[in-house]
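Computed from a prediction, not measured in an experiment: that's the story for all the values here.
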Amino acid sequence: MPTVAAQHWDIALILLPLTGALISFMLPRSGAVIGLLSAAGIMLAASGLTTVLIAHGVQLHLVGGWGAPLGIVLRSDGLSMVMLLMTAVVGLGISLYAVVWFRGEPARAAWFWPLWLLLWTALNALFLAADLFNLYVTLELLGLAATGLTALAGGAAALGGAMRYLLVSLLGSLLYLLGVALLYHLCGSVDITLVGERLEPSPVSWAALALIVSGLLLKTALFPFHFWLPPAHASAATPVSALLSALVVKATFYLLLRLWLDLFDALAPQLDTLLGLLGAAAVLWGSLQALRQRRLKLLIAYSTVAQIGYLFMAFPLAASAGTGAWNGALYLALSHALAKAAMFLAAGNLMRHAGHDRIAELDQVAVRLPLSVAAFALAGMSIMGLPPSGGFIGKWWLLQASLGEGLWGWTVVLVLGGIMAAAYVFKVVGFAFTEAQVTHEACTVPLSMEWIALILALGAVLLGLFVLPPLGVLAIGEPFGHASSDITP
């Protein structure tokens with residue numbers, strides 16, 4: 001049974017970035033220092049909450065001492081804790097990189113730190129919220145902060161991508177809110193636990209399900225709702241591209257997964273097949289588009305579209321095979337966050353070095369920036385699903401689920417997606433060792449920027465070597481109905 005939290009690490013995870021955002025807005029010249037201190041504090045708070053969960057199990061925090069349905073409840077279990085830790089680690093790496101990236105650009109840095117910390121606040125609050133309306137508030141805050149960050153790069157492409165991002169985010173949030181209104185009318189509460197106890201199949205509940213799922217699929221950029229993601233991710237500043245791809249799309253996937261497990265699984269069991277089919281289409285279409293790209297950041301952005309698809313393929317596989325498929329999806333989400341952040345940061349290093357991101361004109365960049373190319377290649381290992389990376393572990397669990405149940409169609413997509421990922425990763429690595437016909441004057445890239453990308457990429461690989469600790473955290477509260485640690489790679 002959940003216990004009421006005596007510690008306040010969960011509150012700290014929300015107040016630390018929020019306070020940092022406000023202070024960095026008022027003191028723009030100190031934004032980098034405030035951002036790094038906030039990131040370090042968030043890392044400490046996430047570690048503290050993890051320790052509490054391991055010792056005492058699922059935690060509830062009744063804000064102001066008021067419980068549901070009147071008060072706000074924060075809930076932390078293994079699933080939310082894994083997402084909080086992922087955000088803390090990747091967020092710390094991106095923050096360190098951003099300090100160097102925005103050096104010499106005080107105007108953009110003055111806006112980056114408040115918006116980034118505000119977005120971090122929304123992420124942490126979303127992972128901890130236990131009622132449908134507060135989840136809507138975090139979604140709105142997340143979308144607005146992400147839009148501002150996307151526009152930060154300036155120029156027509158960035159502003160166009162930001163405007164598209166804003167309109168899609170608002171539409172997705174509106175659909176979600178309409179679904180929540182229907183559930184409140186039906187159940188008389190927005191607390192997820194209470195709604196789960198009172199929800200029964202009916203036309204109103206099915207309409208709410210359709211609205212909420214449609215809104216979240218739009219915000220997650222699952223095929224065919226992905227049209228807004230590549231322009232936004234590719235045109236943004238490099239640290240922003242990394243956090244959008246590594247973290248923001250995971251938040252809406254987490255929310256959909258949480259609502260699916262707590263509310264919708266028994267309400268519409270046929271929907272899991274549709275989600276799986278859309279996921280399979282995303283894997284194939286996103287990989288094909290990545291192969292066709294001539295610019296590096298667009299290639300990585302379309303790769304994100306493909307990798308999102310794997311997460312949704314877990315829905316039909318879990319319906320047949322159970323916990324192993326969910327473990328695979330969550331492990332893929334973790335490894336993708338580290339790998340995709342590393343790939344975007346490595347791409348930013350290559351762009352700063354050459355002044356462009358045209359793949360065919362990388363001009364033996366592996367000789368000049370070996371650490372960045374190594375970071376891209378190691379992150380690509382996880383994206384492809386090669387051992388011993390975390391991506392391999394995640395895909396292996398999904399393959400076990402599909403092969404064990406004789407679901408050969410999903411198996412083919414999993415294998416083909418890995419092969420296509422290898423093709424576009426090796427395409428970039430190949431040109432990194434090839435002399436270009438058109439050469440460009442090179443710029444110096446600080447060594448710290450290369451090392452940050454490489455460390456994140458190594459993290460994606462190390463996830464495959466140290467599997468039990470993440471699974472031990474994920475098992476707290478048995479969010480999938482069975483102990484996650486019972487599954488072995």
Side-chain angles (χ1 to χ4, degrees), residues 79 132 135-136 139 168 171-187 190 192-193 195-226 249-286 305-330 332-333 398 401-402 405-411 413-414 479-482:
L79 179 56
L132 296 168
L135 285 168
Y136 164 74
L139 280 176
V168 167
L171 177 58
S173 297
L174 177 61
L175 293 173
Y176 174 86
L177 183 60
L178 289 173
V180 171
L182 290 178
L183 288 179
Y184 180 74
H185 171 76
L186 192 65
C187 303
V190 292
I192 293 177
T193 302
V195 172
E197 294 172 354
R198 301 171 183 175
L199 191 61
E200 295 180 355
S202 69
V204 176
S205 61
W206 292 327
L209 166 64
L211 288 168
I212 290 175
V213 170
S214 298
L216 294 178
L217 291 184
L218 188 62
K219 294 172 78 72
T220 311
L222 179 65
F223 179 91
F225 308 112
H226 68 287
V249 295
K250 306 297 188 311
T252 47
F253 169 76
Y254 162 85
L255 178 51
L256 180 59
L257 176 59
R258 175 67 78 186
L259 296 181
W260 182 266
L261 294 171
D262 293 344
L263 302 180
F264 297 141
D265 191 8
L267 194 63
Q270 301 83 4
L271 186 59
D272 53 25
T273 301
L274 175 60
L275 293 175
L277 289 173
L278 293 178
V283 170
L284 299 177
W285 177 256
V305 174
Q307 298 304 308
I308 290 170
Y310 288 110
L311 306 182
F312 284 89
M313 287 177 64
F315 282 83
L317 292 175
S320 301
T323 307
W326 290 132
N327 285 335
L330 263 295
L332 277 177
L398 292 180
S402 61
E405 298 298 321
L407 303 173
W408 301 107
W410 306 120
T411 303
V413 174
L414 288 167
F480 305 131
H482 303 281

Distance check, rounded to the nearest 0.5 Å: [X] atom [atom1] versus [Y] atom [atom2]?
| X | Y | atom1 | atom2 | result |
| --- | --- | --- | --- | --- |
| Leu261 | Leu257 | CG | CG | 4.5 Å |
| Leu139 | Tyr136 | CG | OH | 9.0 Å |
| Leu132 | Leu255 | CG | CG | 8.5 Å |
| Leu216 | Phe225 | CG | CZ | 11.5 Å |
| Leu274 | Leu217 | CG | CG | 8.0 Å |
| Leu177 | Leu182 | CG | CG | 10.0 Å |

I'd like to know if the side chain of Tyr254 reaches the main chain of Leu79, judged simply by a donor and an acceptor atom lying under 3.5 Å from each other, with no hydrogens or angles considered.
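Not a single qualifying donor-acceptor pair exists.
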
Quick one: closest heavy-atom pair of [X] and [Y], and the distance?
| X | Y | answer |
| --- | --- | --- |
| Ala325 | Ala314 | O-CB, 3.7 Å |
| Gly179 | Ala208 | O-CB, 3.5 Å |
| Ala329 | Leu311 | O-CD2, 3.3 Å |
| Ala306 | Val283 | O-CG2, 3.4 Å |
| Leu218 | Gly172 | CD2-N, 3.9 Å |

Just one of Leu222, Ile308, Val305 clears the side chain to side chain contact (heavy atoms under 4.5 Å, CB included) bar with Val249, so which one?
Ile308

Just one of Leu332, Leu277, Val413, Leu278 clears the side chain to side chain contact (heavy atoms under 4.5 Å, CB included) bar with Met313, so which one?
Val413

With heavy-atom distances below 4.5 Å as the criterion, would you say the side chains of [X] and [Y] are in contact?
| X | Y | value |
| --- | --- | --- |
| Phe312 | Thr220 | yes |
| Leu263 | Ile212 | no |
| Asn327 | Phe480 | yes |
| Lys219 | Ser173 | yes |
| Trp410 | Leu317 | yes |

So Trp326 and Phe315, would you call those rings parallel, tilted or perpendicular, with 30° and 60° as cut-offs?
perpendicular

Do the rings of Phe223 and Trp285 sit parallel, tilted or perpendicular, given the 30° and 60° boundaries?
tilted

In sequence, state the C-alpha distance, the side-chain angles, and the governing distance for Leu259 and Tyr176, and then conclude on side-chain contact (heavy atoms from CB on, under 4.5 Å).
CA-CA 12 Å; Leu259 296 181; Tyr176 174 86; 4.0 Å; yes

